[in-house]
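In what follows, a single structure is set out as structure tokens and then discussed.
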Amino acid sequence: QVQLVGSGGGSVQPGGSLRLSCAVSGADFRTTCMGWFRQAPGTGREHVATANHQNTPTYVEAVKGRFTISKDSAKNTLYLEMNNVKPEDTAMYYCAAKPGLGTMLTCQVNYWTPNNWGQGVQVTVSS
């Protein structure tokens with residue numbers, strides 16, 4: 001069974017940086033599609049970034065050039081490096097996975113729905 005445990009959230013000033021981590025167990029990194037989603041208060045959950053089996057990333061337009069998604073299969077960990085953060089990045093961030101989708105063309109942002117979710121980590125950007 002796939003389990004995801006997110007960590008690394010917190011408060012940061014605008015323009016600052018933060019790195020989120022997600023410990024993944026029970027998933028084959030070679031065939032699992034993985035990504036990050038976020039949900040701000042009063043809004044729906046939105047896709048932020050996805051990494052396929054080759055670690056090829058795709059991003060939603062709002063975070064391109066500022067966020068970087070990566071995977072470390074040796075550490076069984078998914079990351080989201082957040083740079084030059086903005087107040088509108090404030091949200092609960094969730095790591096997510098869908099086994100078997102990692103090699104498919106649909107393993108890219110806004111094209112897939114996860115089977116497994118982490119518990120969410122809060123990111124607050126404020127001066």
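No experiment lies behind these values; they were computed from the predicted model shown. One is the number of the first residue; the rest follow in order along the sequence.
Through direct or relayed side-chain contacts under 4.5 Å between Ile, Leu, Val, Met, Phe, Trp and Tyr, Leu105 connects to no other residue.
The disulfide (SG to SG under 2.5 Å) contacts involving residues 7-71 comprise Cys22-Cys95, Cys33-Cys107, where partners must be two or more places apart or lie in separate chains. Here disulfide (SG to SG under 2.5 Å) pairs that include residues 43-79, with residues two or more places apart or in two chains, number zero. Residue pairs meeting the side-chain hydrogen bond (donor to acceptor under 3.5 Å, both in side chains) criterion with at least one member in residues 87-99, sequence neighbours excluded: Arg38-Asp89, Arg38-Tyr93, Arg66-Asp89.
Put simply, the residue from Thr31, Asp28, Asn116 that forms a side-chain contact (heavy atoms from CB on, under 4.5 Å) with Pro99 is Asn116. Under the side-chain contact (heavy atoms from CB on, under 4.5 Å) test applied with Met34, the options Asn55, Leu4, Val24 reduce to a single match, Val24.
Among residues two or more places apart in sequence or in another chain, the side-chain hydrogen bond (donor to acceptor under 3.5 Å, both in side chains) test is passed with Lys75 by none. Under the side-chain hydrogen bond (donor to acceptor under 3.5 Å, both in side chains) criterion, Gln1 pairs with no residue, sequence neighbours left out.
Looking at Tyr59, its side chain does come within 3.5 Å of a backbone N or O of Ile69 through a donor-acceptor pair. With hydrogens and angles ignored, the 3.5 Å screen pairs a side-chain donor or acceptor of Lys71 with a backbone N or O of Asn52.
The structure places OG of Ser7 at 9.0 Å from CZ of Arg19, a figure rounded to the nearest 0.5 Å. Note that CG of Asn110 is 8.0 Å distant from OG1 of Thr50, once rounded to the nearest 0.5 Å. From Phe67, atom CZ reaches atom CG of Leu20 across 8.0 Å, with rounding to the nearest 0.5 Å. Residue Thr124 holds its OG1 atom at 13.0 Å from CD of Gln13, rounded to the nearest 0.5 Å. Put simply, CD on Gln39 and CZ on Phe37 are 11.5 Å apart, with the number rounded to the nearest 0.5 Å. Considering CG of Asn76 and CD of Gln3, their distance stands at 12.5 Å, rounded to 0.5 Å.
Counting heavy atoms from C-beta on, the side chains of His53 and Arg30 never come closer than 4.5 Å. Using a 4.5 Å heavy-atom threshold, the side chains of Met82 and Trp36 count as separate. At a threshold of 4.5 Å between non-hydrogen side-chain atoms, the residues Pro14 and Pro87 count as touching.
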Passes side-chain contact (heavy atoms from CB on, under 4.5 Å), Val2 versus Asn115? Steps please.
CA-CA 9 Å; Val2 178; Asn115 287 352; over 6 Å; no
Set out, in order, the CA-CA distance, both residues' side-chain angles and the distance that settles side-chain contact (heavy atoms from CB on, under 4.5 Å) for His47 and Trp112, then state yes or no.
CA-CA 9 Å; His47 208 150; Trp112 63 286; 3.0 Å; yes
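Contact record, Ser17 with Asn83: OG-OD1, 2.8 Å, taken as the closest heavy-atom pair. Contact record, Ala27 with Thr32: CB-OG1, 3.8 Å, taken as the closest heavy-atom pair. Summarising the geometry of Gly35 relative to Leu78, their closest heavy-atom pair is O-CD2, 3.7 Å, with the distance given to 0.1 Å. When all heavy atoms are compared, the tightest approach of Leu80 to Val48 is CD2-CG1, 4.5 Å.
Hydrophobic cluster membership is shared by Val63 and Leu18, with clusters built from Ile, Leu, Val, Met, Phe, Trp and Tyr side chains linked at under 4.5 angstrom. One hydrophobic cluster, built from ILVMFWY side chains closer than 4.5 Å, holds both Val85 and Val123.
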